[in-house]
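In each ligand, atom 1 is the first atom listed, and ligand 1 is the first ligand listed. Below, each value reflects all heavy atoms present in this structure, side chains not excepted, and no hydrogens, waters or symmetry copies.
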Amino acid sequence: MLIGKKPNILPSEITPRDIYLGRREVLAGIGAAGIGTIMSRPAAAAKLTSVKSPLSTTETATPLKDVSTYNNYYEFGTDKSDPAQAAGNFKPTPWSVEIGGMVAKPGTLTLEDIMKPVTLEERIYRMRCVEGWSMVIPWNGFALAELLKRVEPLGSAKFVAFETVVRPAEMPGQRGSFQPLPWPYREGLRLDEAMHPLTILATGLYGETLPNQNGAPLRLVVPWKYGFKGIKSIVRITLVDKMPETSWQLQNKNEYGFYSNVNPDVDHPRWSQATERRIGEGGLLAKRRPTLKFNGYADQVASLYAGMDLKASY
Ligand SMILES: Nc1nc2c(c(=O)[nH]1)N[C@H]1C(S)=C(S)[C@@H](COP(=O)(O)O)O[C@H]1N2
Ligand SMILES: [Mo]
């Protein structure tokens, strides 16, 4: 924790961007979260050029300050403020991803290899965490399908398994005596879900490279599923024929299903899924919003689940 430490920042060092991000508090020396944010920005938060996507929502985006300081990333701690404060030593460059399993062209691709042929888009998506809060995030990313097509999935491939990096030296949550999840963090999608045009790999948000706490350098975003499906800092993608194990199912199989589609009719044992609190909207007293089936993306994705009992397969 940085509380009590006096930040040594001159007014001249506060940039317009800091002000835009709401970092003025650092001047008063009270903004522990703000300091953490500065430290965990990538050393060179590069501007990204993205084309606007028609798949974006027109809802108001959640302020960057909230998007980058209210996070779930258990590799950096279990409190919402932990990732922004503890991810400063994480090194997202250089980076490579091993892509294999049931594909014709397996291999290890650097982030540059992955990015070279893709068109980066701005996708403003509604995001809904199973804990009952939501945000609207302007991601910069590209369709996961673009990458999967390049490695040529075999006919036998039915699911896609993802893994996050394991780096206890850089991730304090992986070296404490309390380990909240089995590492590596693992997630999975059915192949048709992974190929859906709404499913993206994000490399940025708000037009800049991803903050470490949001999953730099590369993370999954699946807007009709609960937030935990959006695995961060991906190092391995494997095409398989059986439904893969996921970290949350391994931790508690009664609480988390493989599909995890946002569904106001199916409650989690500890949290109602009927309504949600939009982060950045007036705190705990703000009126909760009704949660929408498939997080409002039913027109695009409901057909993927035709004939399935969504209460049994939650
Ligand atoms: N590796 C990893 N990925 C993760 C998590 C995590 O703990 N570790 N938390 C998930 C959860 S529960 C949520 S809600 C989203 C939050 O993403 P955000 O911080 O960018 O909003 O990340 C998901 N991806
Ligand atoms: Mo979540």
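Judged purely by distance below 3.5 Å, without hydrogens or angles, the side chains of Glu255 and His268 pair a donor atom with an acceptor atom. Using modelled atom types, one finds no donor on one side chain facing an acceptor on the other under 3.5 Å when comparing Ser247 with Arg186.
Taking the centre and axis of the six-membered ring of Tyr297, the NZ or CZ atom of Arg126 falls inside the cone set by 45° and 6.0 Å.
Of all the atoms in ligand 1, the ones that sit under 4.0 Å from a non-hydrogen atom of Thr164 are 1 (N). Near Glu75, meaning under 4.0 Å from one of its heavy atoms, ligand 1 places the atoms 1 (N), 2 (C), 6 (C), 7 (O), 8 (N). Close approach to Cys129 involves these atoms of ligand 1, each under 4.0 Å from a residue heavy atom: 14 (S). For ligand 1, the atoms sitting less than 4.0 Å from at least one non-hydrogen atom of Asn71 are 18 (P), 19 (O), numbered in the order shown with element in parentheses.
Only the side chain of Tyr185 comes within contact range of ligand 1, with a heavy atom under 4.0 Å; no backbone atom does. Only side-chain heavy atoms of Arg219 come within less than 4.0 Å of ligand 1; its backbone N, CA, C and O stay farther off.
Using a 4.0 Å cut-off between charged nitrogen and carboxylate oxygen, Lys80 and Glu131 count as a salt-bridge pair. For the pair Glu121 and Lys52, the salt-bridge criterion is not met [side-chain N within less than 4.0 Å of a carboxylate O].
Ring-centre distance between Tyr185 and Phe162: not below the 6.0 Å cut-off. For Tyr74 and Phe178, the gap between ring centers reaches or exceeds 6.0 Å.
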- Residues Tyr206, Trp139; criterion ring-ring contact (aromatic ring centres under 6.0 Å, His included); working and verdict: CA-CA 6 Å; Tyr206 269 102; Trp139 300 107; 9.8 Å; no
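Residue, atom and distance of the protein heavy atom nearest to atom 15 (C) of ligand 1 are Gly227 O, 3.5 Å. Ranking protein heavy atoms by distance to atom 3 (N) of ligand 1, first place goes to Lys232 N, 3.2 Å. Nearest to atom 7 (O) of ligand 1 among the protein's heavy atoms is Tyr74 N, 2.7 Å. Shortest contact from atom 24 (N) of ligand 1 to any protein heavy atom: Gly230 O, 2.8 Å.
In terms of N/O distances under 3.5 Å, ligand 1 is approached by Asn72.
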